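One structure below.
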Amino acid sequence: MNDRKSYRPNRQDASQPKPPSAVRSASRGAAIRAQKRSQEDAHRIANQYATAPHPAQAPKRANVIDDRPRLKIIGLGGMDGGGSKNTILVEYMNDAIILDAGNDLGVDLPGINYGIADMAYLETIKPKLRAYIITHGHLDHIGALPHIVPRFPAPIYGSKFTIGRIEEIFHNFGLPMPDGFELKTVTMNENTHERLKIGPFMVELVRVTHSIPGSTMVVVDTPVGRVINTGDFRLDPNPLDHERTDTERLKQLADEGVLILLSESTTTERLGRTPSESTIEQSFIDIMDNAPGRIFVGLFSTNMNRVQMIVNAAVHHSKKVAMDGRSMVSTLEMAVRNGFVRVPKGTFVPIANVSNLKDSDIVVVATGSQGEPSSALVRMSMGDHKHIKLKEQDTVILSSTPIPESGNDALIGNMVDDLMRKGVHVFRHETHQIDGVGPLHVSGHASVDEYKDIIDMLHPKFFVPIYGSYRSKQRHIEIAVEQGIPRKDTVNAENGDVISFTPNSMEITGKVPHGTVLVDQTGAIVSNIVIKDRIILAEEGLVAVILTIDKKTGNLLTSPDIISRGFIYMRDNEELMNAFRIELRRAVTQRYKRVDLDRFKQELREHVTHFLFEQTQRSPIVIPVVNVIGGKGGEKPLTNNGDTNGKTKPEETEELQRRFQQMRAKLLNQDARID
Ligand SMILES: [Zn+2]
């Protein structure tokens, strides 16, 4: 999916700090430079996913009449890697539509679930937006809709299965929708070549094969010419649901003329043709014929045609089927309700009942084919599953391969190791030949010959590769040139590029604000600043020093409290901690009475940062907390040595001191790592 930089530390020396005596003295400058460096690193890593510039800095175009008869196509996402927040805007004068609005699940930042395209540009043309047209129901094409549509309301168009998926993700979305928001969807029939007028555009969906039912190309006839977005596709001659790509219709559309082809580029480096989905059917029948006990199958939760194939094979072998994993069950319910998966009565059993049935009667279809940490299969492999305890004689089939460049290989490897430790028989696609069975997975994406076929079939005037890394889009351009498209009529555009078209010309005429908005597990947006702090915390840790100072004398009332997280284990570093306390005492004695509290805290932070770097070569986040306790003067105690309004009675001072001591005790008790 992505080959971005990870936030995970790549430290050469992560060993324990050297004892103070062994440390050469580092200059103050070195300490400051080190801290700056770790901040810059965090900045750089977090900025791979920076949001667009603030609207105040962005060019404002709202409500300006656009009378240039040019068609503009802008990738707000999806021009920078497969599976990446695919969001393409089609804009003509005073109307615009959005083709797909997906999320990027490949974001590797602490606490982040996915990214979505920044909609700063859409904000500036909001009144133009007429519709969202969706190619298919994978999350990287629909996952941003619950975030974006409430802010920019417009009806969502798609095939029946796609609309079913969209309703499903809105239903399962973690956050409430704004008051008065109503989800408006329009189901289009991709089999009857239904055409709908949306503003100045005529829109049609054309059936294609991929790895989810209801996948379509989107045809948009504009006043400038015809645009076709392939969505994700392959040209499977024999799909499991027998719904082949509607090449007849594509040829008719091509005969009428195609101005622009936006073609998916995920796997343009794979030669030949992707094998048909039907080639894996016999492998499942063979394994079911021979498996001694229960059978567990891991696959992508939306691959309903494959679920149907497994159900058919199970029924053929008189086995029952249980489904496991929330996303799998949710999509299956929708698919059954809409008639995309047909299951004979009595075939499905709840996962909780599996242990009551004979082992040879059971097939479990589960999430976890990518080794996702909380998925059903991983929980089983770790012995943490509520209903399933794996045993020897069980068979696990992984009907998938790792998503390229996702980093999932290691997760899957660990899961397979755990499964094998339990004596389970594991079949993987990668080792199917060694295991003496047929293929267990085929890709949902095309290979080079299929990409060629689409270019030949549609012979567009202009060719724009989309949905892929720069290199796979560049490869796609080479394929197009080989198929006879002049190189000048192709462009490898990036996110934010405005590609402007007339019937005879294509050029990049500008750049609009674009970027990534980060979303956490709850569905909430997370600020880039928070991410930068998290990266520094992850890399360097945190040290808080708590000083309790007598207001009158300026002396420390207690020994300084030091709390650290993710920095060093303090109990193993007593010598350092003792030296640290001496430094803190010295700082209080020398500076506290000479400067105001804010300045003192600032100096303390710098001094501690310098000291810790000198001692450990690390630069944690330092948080100084200074509690000033009122003396005989009886002024308001706690956290401030400045002016206070009104006098505090001695008993109130005592009460506050007592509360502070309690708070301190509580804080220290919570922390097993303080000394
Ligand atoms: Zn897809």
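Whatever order the structure lists them in is the order used to number ligands and atoms, beginning at 1. All values reported here derive from a predicted model rather than from experimental measurement.
Around the Zn ion (ligand 1), protein N, O or S atoms at less than 2.8 Å comprise His136 NE2, His138 ND1, His210 NE2, Asp232 OD2.
Under the ring pair (Phe, Tyr, Trp, His ring centres under 6.0 Å) criterion, no residue pair touches residues 247-267, with sequence neighbours excluded. Listed by first and then second residue, the salt bridge (Lys or Arg N to Asp or Glu O under 4.0 Å) pairs that reach into residues 157-166 are Arg165-Glu168, sequence neighbours excluded. Listed by first and then second residue, the salt bridge (Lys or Arg N to Asp or Glu O under 4.0 Å) pairs involving residues 296-306 are Glu277-Arg306 (not counting sequence neighbours).
Using a 30° and 60° split on the angle between ring planes, His445 and His210 fall in the perpendicular class, above 60°.
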Take Leu377 and Met415, measure what side chain to side chain contact (heavy atoms under 4.5 Å, CB included) needs, and give me the verdict at the end.
CA-CA 8 Å; Leu377 265 184; Met415 176 176 76; 3.9 Å; yes

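A distance-only check finds a donor-acceptor pair linking the side chain of Glu450 to the backbone of Ser447 [under 3.5 Å].
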